[in-house]
Amino acid sequence: MKKTVIVTGGTSGIGAGVAEVLNEAGYHVIAATVSQDEIDRFSGAPEIETCLMDVTNGASVDALFGRLECLAGMVNCAGILVRGREYDIDVFQKVLDVNLTGTMRCCLAAQPLLAKSGGAIVNTASMLSTFGGPMVPAYSASKGGVAQLTKALAGKWAVDGIRVNAIAPGWIETEMTQGLRDAPEREAGILGRTPMNRWGKTSEVGALVKWLLSDEASFVTGAVYPVDGGYLAM
Ligand SMILES: NC(=O)c1ccc[n+]([C@@H]2O[C@H](COP(=O)([O-])OP(=O)(O)OC[C@H]3O[C@@H](n4cnc5c(N)ncnc54)[C@H](O)[C@@H]3O)[C@@H](O)[C@H]2O)c1
Ligand SMILES: O=C(O)C(=O)C[C@H](O)[C@H](O)CO
């Protein structure tokens, strides 16, 4: 029987790339998203199950986890960024709700099932877990929080046999970063500081997630792994 893994934000961008890689690796992937429109447009492999779920809504999260008997992996990829508007306190709160509290909500919902299976969690941090983005204070705070949350949960749940790690993608080609590619001076700044001098692909992030979920990473927990073409090293 296939192992089940949930990928939030799994019908767009990085999450969709992760879902594709995990499906190819033989997992039963449930790609969860808040957007019916994304589900309607989803063009991933037909074996990937799509599901409507809002990570900011406890009842919505419980509805998905409540119908599962087994879970081998939880990948928290859902996230938002509201470039230029995050100094508005309501927007700030919303970004924290989705990116940080939403990640915690899904980790908590997954914990009992993962404890039964000895499964693993992969959260999505960012380059902005490490340095501040002046245009995106809420996003930066949320991603710093995701990195620290990952370490805290790794410590708490090691006794249950659950490994908790995070990925810190650099500049990956998705809808979220389209605005940066559309601004030549921003793109030049990003690529100029990236030693590999290109945008990352979602499949390259998926490959790291696959490894972190696998038994090959059996002694890896509480880690935050860059996948960024060398950006953080500069
Ligand atoms: N693209 C990058 O360069 C980059 C870099 C570092 C980290 N990230 C992170 O990777 C993750 C995916 O980003 P992306 O670039 O693929 O963006 P994206 O906008 O393509 O995808 C975001 C996904 O999150 C989902 N989502 C948003 N709010 C939700 C909610 N309340 N409940 C459930 N799902 C919700 C969206 O429906 C979508 O599927 C995010 O956490 C983002 O912060 C992206
Ligand atoms: O800083 C921005 O405006 C971003 O788009 C942030 C990126 O998406 C990403 O999180 C960098 O790691």
Side-chain angles (χ1 to χ4, degrees), residues 6-20 30-42 44 48 50-61 63-64 75-86 94-103 105-106 109 122-147 150 166-183 186-187 189-191 193-194 198-206 208-209 224-229 231-232:
I6 295 174
V7 182
T8 67
T11 53
S12 176
I14 290 176
V18 169
E20 211 63 58
I30 303 176
T33 173
V34 74
S35 163
Q36 182 62 49
D37 183 51
E38 266 179 30
I39 290 179
D40 294 342
R41 289 186 288 119
F42 185 61
I48 297 173
T50 56
C51 162
L52 209 52
M53 181 184 79
D54 181 351
V55 300
T56 69
N57 180 311
S60 171
V61 170
L64 170 57
V75 183
N76 287 299
C77 238
I80 58 171
L81 165 152
V82 195
R83 206 172 285 124
R85 286 186 43 220
E86 294 185 358
K94 172 72 185 171
V95 173
L96 267 290
D97 271 355
V98 175
N99 296 5
L100 181 56
T101 311
T103 295
R105 182 172 286 110
C106 291
V122 179
N123 293 327
T124 304
S126 166
M127 295 294 91
L128 297 185
S129 300
T130 303
F131 61 83
M135 298 281 282
V136 285
Y139 185 84
S140 302
S142 72
K143 292 300 181 176
V146 166
T150 298
I167 51 166
W171 304 94
I172 311 298
E173 192 167 349
T174 69
E175 216 168 288
M176 184 180 275
T177 52
Q178 188 56 51
L180 302 172
R181 278 183 298 286
D182 291 342
R186 288 296 310 272
E187 180 170 49
I190 287 165
L191 296 184
R193 190 185 146 168
T194 304
R198 66 170 174 83
W199 293 85
K201 301 186 194 106
T202 61
S203 58
E204 293 175 312
V205 181
L208 175 58
V209 173
V224 181
Y225 272 84
V227 47
D228 67 353
Y231 191 89
L232 198 59

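By convention here, the first residue in the shown sequence is residue 1. As the structure lists them, so they are numbered: ligands from 1, and atoms in each ligand from 1. Model, not experiment: these values are computed from the prediction.
- Within 6.0 Å of atom CZ in R85, 12 or fewer heavy atoms from other residues, nucleotides or ligands are found, so the atom counts as exposed in its surroundings.
- On a distance-only criterion, V55 and ligand 1 share at least one N/O pair closer than 3.5 Å.
- Using cut-offs of 30° and 60° on the angle between ring planes, the pair W199 and W171 is perpendicular.
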Exercise for the section: Dump the intermediate steps for side chain to side chain contact (heavy atoms under 4.5 Å, CB included) on R105 and V55, then the final yes or no. Expected result: CA-CA 7 Å; R105 182 172 286 110; V55 300; 5.7 Å; no

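- Between K143 and ligand 1, at least one pair of N/O atoms sits closer than 3.5 Å.
- Looking at ligand 1, you'll find an N or O of Y139 within less than 3.5 Å of one of its N or O atoms.
- Geometrically, ligand 1 and E38 share a nitrogen or oxygen pair separated by less than 3.5 Å.
- Atom 13 (O) of ligand 1 has as its closest protein heavy atom M176 CE, 3.9 Å.
- Protein heavy atom in closest approach to atom 6 (C) of ligand 1: P169 O, 3.3 Å.
- Between the CZ atom in R181 and the OG1 atom in T174 there is a gap of 6.5 Å [rounded to 0.5 Å].
- At least one N or O atom of T174 sits closer than 3.5 Å to an N or O atom of ligand 1.
- One option in S142, G170, C77 has a heavy atom closer to atom 12 (C) of ligand 1 than any other, and that option is C77.
- When only non-hydrogen protein atoms are considered, atom 22 (C) of ligand 1 lies nearest to G79 O, 3.5 Å.
- Of the protein's non-hydrogen atoms, D54 OD1, 2.9 Å is the one closest to atom 31 (N) of ligand 1.
- Considering backbone and side-chain N/O of T33, one or more are found under 3.5 Å from N/O of ligand 1.
- Near ligand 2, residues L81, R83, S126, M127, L128, V136, Y139, P169, G170, W171, M176, T177, L180 come within 4.0 angstrom through at least one heavy atom.
- In this structure, the protein non-hydrogen atom closest to atom 29 (C) of ligand 1 is V34 CG1, 3.6 Å.
- Protein heavy atom closest to atom 3 (O) of ligand 1, with residue, atom name and distance, is I172 N, 2.9 Å.
- For the pair M53 and V61, the minimum side-chain heavy-atom distance is below 4.5 Å.
- Of all the heavy atoms of I80, the ones lying under 4.0 Å from any atom of ligand 1 belong exclusively to the side chain.
- Atom 21 (O) of ligand 1 has its closest protein heavy atom at S12 OG, 3.6 Å.
- At the shortest separation from atom 16 (O) of ligand 1 among protein heavy atoms lies I14 N, 2.7 Å.
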